[in-house]
Chemist: 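Attaching a single structure in C-alpha cells format; questions to follow.
Values below: all heavy atoms of this structure, side chains included; hydrogens, waters and symmetry mates excluded. Keep in mind the model is a prediction, meaning the values are calculated, not measured.
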Amino acid sequence: MKPLKGLLLASLFASAIAGAAPLKTDPAKSSVSATFKQMGVPVEAKFKGFTAQIDYDAAKPAASKATVEIQTASLDLGDAEYNKEVAKKEWFNVAQYPKATFVSTAIAPAGAGKFNVKGKLTIKGRSADVSFPLTQKLDSGKQVFEGQLPIKRLAFNIGEGEWKDTSMVADEVIIKFHITAQ
C-alpha cells in the first residue's frame with residue numbers, strides 16, 4: 001500500500017508543479033464569429049465548429065496558454081449557397097485546409113481582468129504573428145474570455161482570383177470570440 005500512496009503523492013506534486021489543469025470549454029455558451037463588410041454592409045458569420053483549450057492560472061496568468069482550432073467548413077453566413085461558396089478553393093478551400101488555428105505564445109497581464117495576447121494564427125496554410133487584447137471575468141463560477149482579433153483576409157489568401165477585389169468584400173475582418181470555460 002505504501003508504494004501506491006507514494007505514487008499518488010508524487011502524481012499530485014507533479015500536477016501542482018505543472019500548473020492548473022486545462023479548463024473545459026462550454027460550447028453552448030461560447031462563440032467564434034467573423035465580421036466583415038460586403039459591398040459596404042456589415043456581415044457577421046458564425047463558426048459553428050471550434051475547440052478551445054485554455055490553461056489558465058489566475059495566480060500565474062503569464063504562464064497561461066491557449067489553443068483554438070476552428071473548422072473552416074463550419075462558417076455559417078445564414079444562407080446555404082453562401083456557405084457552399086466560402087468552402088471553395090477561392091475562399092477557405094476546406095478540402096485542403098479544414099482547420100484554422102491560433103496558438104498563444106505569450107499572455108501578459110494588462111490590468112484587472114485584462115491581458116495582451118500574442119500568438120500564431122494559421123489560416124489556409126499561411127501563418128502570421130498576431131496580438132490582441134483579451135478580457136477575463138468570472139460569471140457564475142465560470143471563466144469568461146472575450147476578445148477581438150482584426151486581420152486582413154488577403155494576407156491569408158482568403159478570396160482568390162476575382163475575390164481579391166476589396167470593393168465587393170472588404171479586406172478587414174474582425175474575428176470575435178466569447179469563450180466560457182471552467
Chemist: Please determine whether a side-chain nitrogen of the Lys or Arg among Asp129 and Lys118 lies less than 4.0 Å from a carboxylate oxygen of the Asp or Glu.
Modeler: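 Salt bridge flag = no for Lys118 with Asp129.
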Chemist: Hey, what do you get for OG (Ser64) to CD1 (Ile54), rounding to the nearest 0.5 Å?
Modeler: 9.5 Å
Chemist: Under 4.0 Å between a Lys/Arg side-chain N and an Asp/Glu carboxylate O for Lys89 and Glu160?
Modeler: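 Here Lys89 pairs with Glu160 in a salt bridge, since their nearest N and O are under 4.0 Å apart.
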Chemist: When you measure from the side chain of Lys152 to the backbone N and O of Glu172, does any donor-acceptor pair fall under 3.5 Å?
Modeler: no
Chemist: Are the side chain of Asn83 and the backbone N or O of Leu77 linked by a donor-acceptor pair below 3.5 Å?
Modeler: yes
Chemist: Do the side chain of Arg153 and the main chain of Val173 share a donor and acceptor less than 3.5 angstrom apart?
Modeler: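 No.
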Chemist: I'd like to know if the side chain of Thr180 and the backbone of Lys29 have a donor-acceptor N/O pair within less than 3.5 Å.
Modeler: yes
Chemist: Is there a continuous path of hydrophobic side-chain contacts, each under 4.5 Å between heavy atoms, that joins Ile123 to Val94?
Modeler: yes
Chemist: Centre-to-centre under 6.0 Å for Phe132 and Phe177, is that the case here?
Modeler: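 Ring centres of Phe177 and Phe132 closer than 6.0 Å.
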Chemist: Do the rings of Phe92 and Phe47 sit parallel, tilted or perpendicular, given the 30° and 60° boundaries?
Modeler: perpendicular
Chemist: Evaluate the side-chain proximity of Ile151 to Leu121: yes if any heavy-atom separation is below 4.5 Å, no if none is.
Modeler: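 Yes, their side chains come closer than 4.5 Å.
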Chemist: Indicate yes or no: at least one non-hydrogen side-chain atom of Asn93 is less than 4.5 angstrom from one of Lys88.
Modeler: no
Chemist: Ring centroids only, cut at 6.0 angstrom: are Tyr56 and Phe145 within range, meaning strictly under it?
Modeler: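 Tyr56 vs Phe145: aromatic centres under 6.0 Å.
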Chemist: Could you list the residues that satisfy side-chain contact (heavy atoms from CB on, under 4.5 Å) with Glu44, not counting sequence neighbours?
Modeler: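 Applying side-chain contact (heavy atoms from CB on, under 4.5 Å) to Glu44 gives Ser33, Thr35, Lys46, Lys176.
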Chemist: NZ of Lys99: more than 12 outside heavy atoms within 6.0 angstrom?
Modeler: no
Chemist: Going by atom types only, do Gln182 and Gln143 share a side-chain donor-acceptor pair under 3.5 Å?
Modeler: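 Side chains of Gln182 and Gln143: no pair found under 3.5 Å.
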Chemist: So, the side chain of Gln71 versus the backbone of Phe50: is there a donor-acceptor pair under 3.5 Å, distance only?
Modeler: yes
Chemist: Could you see if Ile179 belongs to whatever hydrophobic cluster contains Val130? Use Ile, Leu, Val, Met, Phe, Trp, Tyr and a side-chain cutoff under 4.5 Å.
Modeler: yes
